[in-house]
Amino acid sequence: MPKLHQEILVLRLVVGLTSAETVAALGISPGNVRVTQCWALAKLREPVQAPELADALLA
């Protein structure tokens, strides 16, 4: 995962910063924070949504 994605997830989910606080901390636009956070969360969901993994977990 790209470093910016990691930084945004850590600041938003672990540290608990608001979107505005994350914008100020990273010096990027609010839209960039929202979109990058969305992409990063989608990337984290991929393994969980993989059919072969779901089958293994339910077996």
Side-chain angles (χ1 to χ4, degrees):
M1 180 178 296
K3 182 138 179 83
L4 180 60
H5 292 202
Q6 294 174 26
E7 289 175 345
I8 288 174
L9 288 181
V10 168
L11 290 174
R12 297 282 287 135
L13 303 176
V14 178
V15 178
L17 295 184
T18 65
S19 182
E21 291 167 335
T22 303
V23 165
L26 297 177
I28 58 177
S29 71
N32 196 354
V33 169
R34 286 190 304 272
V35 169
T36 304
Q37 180 179 341
C38 183
W39 288 343
L41 289 171
K43 193 69 168 170
L44 288 177
R45 278 189 220 101
E46 283 177 6
V48 176
Q49 293 176 340
E52 61 278 359
L53 181 59
D55 292 341
L57 290 174
L58 296 174

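Since we're looking at a predicted model, the values are computed, not measured.
Across all non-hydrogen atoms, the minimal contact from Ala25 to Leu17 is CB-CD1, 4.5 Å. The two residues Ser19 and Arg12 make their nearest non-hydrogen contact at N-NH1, 3.0 Å.
Under the 4.5 Å side-chain criterion, counting only non-hydrogen atoms from C-beta, Ile28 is not in contact with Thr36. The shortest distance between side-chain heavy atoms of Met1 and Leu9 falls below 4.5 Å. Within the 4.5 Å cutoff, the side chain of Leu11 has no heavy atoms near those of the Val33 side chain. Residues Asn32 and Leu26 have side chains not in contact (no heavy-atom distance under 4.5 Å, counting atoms from C-beta outward).
Using a 4.5 Å cut-off between side-chain heavy atoms of Ile, Leu, Val, Met, Phe, Trp and Tyr, with links allowed through other members, Val15 and Leu44 fall into different hydrophobic clusters. Under the 4.5 Å side-chain heavy-atom criterion for Ile, Leu, Val, Met, Phe, Trp and Tyr, Val14 and Trp39 are members of distinct hydrophobic clusters.
Judged as a side-chain hydrogen bond (donor to acceptor under 3.5 Å, both in side chains), and not counting sequence neighbours, Glu7 has no contacts.
No donor-acceptor distance shorter than 3.5 angstrom exists from the side chain of Gln37 to the backbone of Ile8, with no hydrogens or angles considered.
In this structure, the separation between CG on Leu4 and CD on Gln6 is 9.5 Å, given to the nearest 0.5 Å.
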